[in-house]
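Here is the naming used below: chain letters follow the sequence lines, and residue numbers restart at 1 for every chain. The model shown is predicted, which means the values in this text are computed figures rather than measured ones.
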Amino acid sequence: MPRLHKRSFRVANYDLGATLDSGQVFCWGERDGAWCGIIGERWVRMKQGRAIVAECIVDPGDWRWLRDYLRLDEDIEAIVETFPDDEAFQFATSACQGLRLLRQPKWECLASFICSASKQIVQIKQIVRNMSERYGAVIRTREGEEHAFPTAEQLARCTEEQLRECKTGWRAKYVLGSAQMVVNGEVDLDAVASMDCASARKELMRLPGVGRKVADCVLLFAYGFQEAFPIDVWIDRGLRELYFPRRKPTKKRLEAFTSNYFGPYAGYAQQYLFHYVRTRRQQEQS
DNA sequence: GTCCAGGGATTCA
DNA sequence: TGAATCCATGGA
């Protein structure tokens, strides 16, 4: 066993497991109560007791990168205070205590959500794993080695057929097309960070396979635009049931509603709503 | 066997 | 603008 670099982070109101398993990220695996994954090119193992204890193989420096990824400096209680004071959110906030948003690497988040279209979360994880194992860099881990998520350059070198073999299906041409546009500089993912939210969304939607929903996921989960509000099938159903019973709002009407009803941290509210409606459905079925 | 999944692009009215 | 359809794949 190689020597491990270890660091403990004191946290309050942070549920690491719920956060890493909440459908905003697809590269984490849990074993023996510990979560293992690769952030950028660093393998990390994290376990939560009273604190979050993180371990790395390679010297992690000042750990700033992990604080940023986990968004440890965010005041979640102040954020939850801004959520709507309605019945739905009384249930949602009590069902999702400690649920957080992450700040993911941009390309990985983007490519993952291009693959997410009309897929179940378990299948998205499989696709991400397939692409990583075949085309991602080899990373040293505690037990041996794993593969990082492939860069845009690595995926742009693939053929559409190779990407289909990762079980991407008809999304293969979108992944390839987006990778090529990022590599040749047609869309600069770093430059998007300095845009306002609407411009950033418009820029991301120039990429094939990226519509409003995928763009909003990336804006929220990678760029940290708090006002981004992805509306997927779960959120769509939830909004209609909770706020428009016996009515039939158009998509435009729903978007307009979400852009002011949920406050300055609408994106956070969205993640709580997403987690709530999904866990509620699971409980109804069991 | 059937329905549906953290949708997008295209077509047609 | 908006609805319908197609696109692979595999859970449930």
Quiz prompt | Identified ring pair (Phe, Tyr, Trp, His ring centres under 6.0 Å) counterpart of Phe262(A) within the set Phe257(A), Phe83(A), Tyr272(A), Tyr268(A) | solution = Phe257(A)
Practice problem: Under 4.0 Å from any atom of DNA chain B, heavy atoms only: list the residues of residues 217-224 of chain A that qualify, in numerical order. | Solution: Phe221(A)
Quiz item: What are the two closest non-hydrogen atoms of Ile127(A) and Lys167(A), and how far apart are they?
Solution: CD1-O, 3.3 Å
Exercise. Considering non-hydrogen atoms only, spot the tightest contact between Phe229(A) and Ile235(A) and give its length.
Key: CE2-CG2, 3.8 Å
Quiz item: With distance as the sole criterion, do the side chain of Lys252(A) and the base of dT1(C) form a donor-acceptor contact below 3.5 Å?
Solution: no
Self-check item: dA3(C) and dG6(B), which share atom name P, separated by this distance in whole Å
Solution: 23 Å
Quiz item: Is a side-chain donor-acceptor pair under 3.5 Å present for Gln90(A) with Asp86(A)?
Solution: no
Practice problem: Mind listing the residues from residues 158-172 of chain A sitting with a heavy atom below 4.0 Å of DNA chain B? Number order is fine. | Solution: Trp170(A)
Self-check item: Closest-nucleotide ordering on DNA chain B, the 5'-leading residue of Arg212(A) and Lys119(A)
Solution: Lys119(A)
Exercise. Check the distance between dG6(B)'s P and Gln120(A)'s CD and give it to me in whole angstrom.
Key: 5 Å
Self-check item: Complementary nucleotide of dG11(C), counting Watson-Crick and G-U pairs under 3.5 Å
Solution: dC3(B)
Quiz item: Would Glu41(A) and Arg140(A) pass as an ion pair if we require N to O under 4.0 Å?
Solution: no
Quiz item: dG10(C) and dA9(B): how far apart are their P atoms, nearest whole angstrom?
Solution: 24 Å
Quiz prompt | Pair Tyr276(A) and Phe89(A), ring centroids less than 6.0 Å apart | solution = no
Practice problem: Spell out yes or no: do the side chain of Gln271(A) and the base of dG6(B) have one donor N/O and one acceptor N/O closer than 3.5 Å? | Solution: yes
Quiz item: What do you reckon, do Phe274(A) and the base of dG6(B) stack, with centroid distance below 5.5 Å and planes below 30°?
Solution: yes
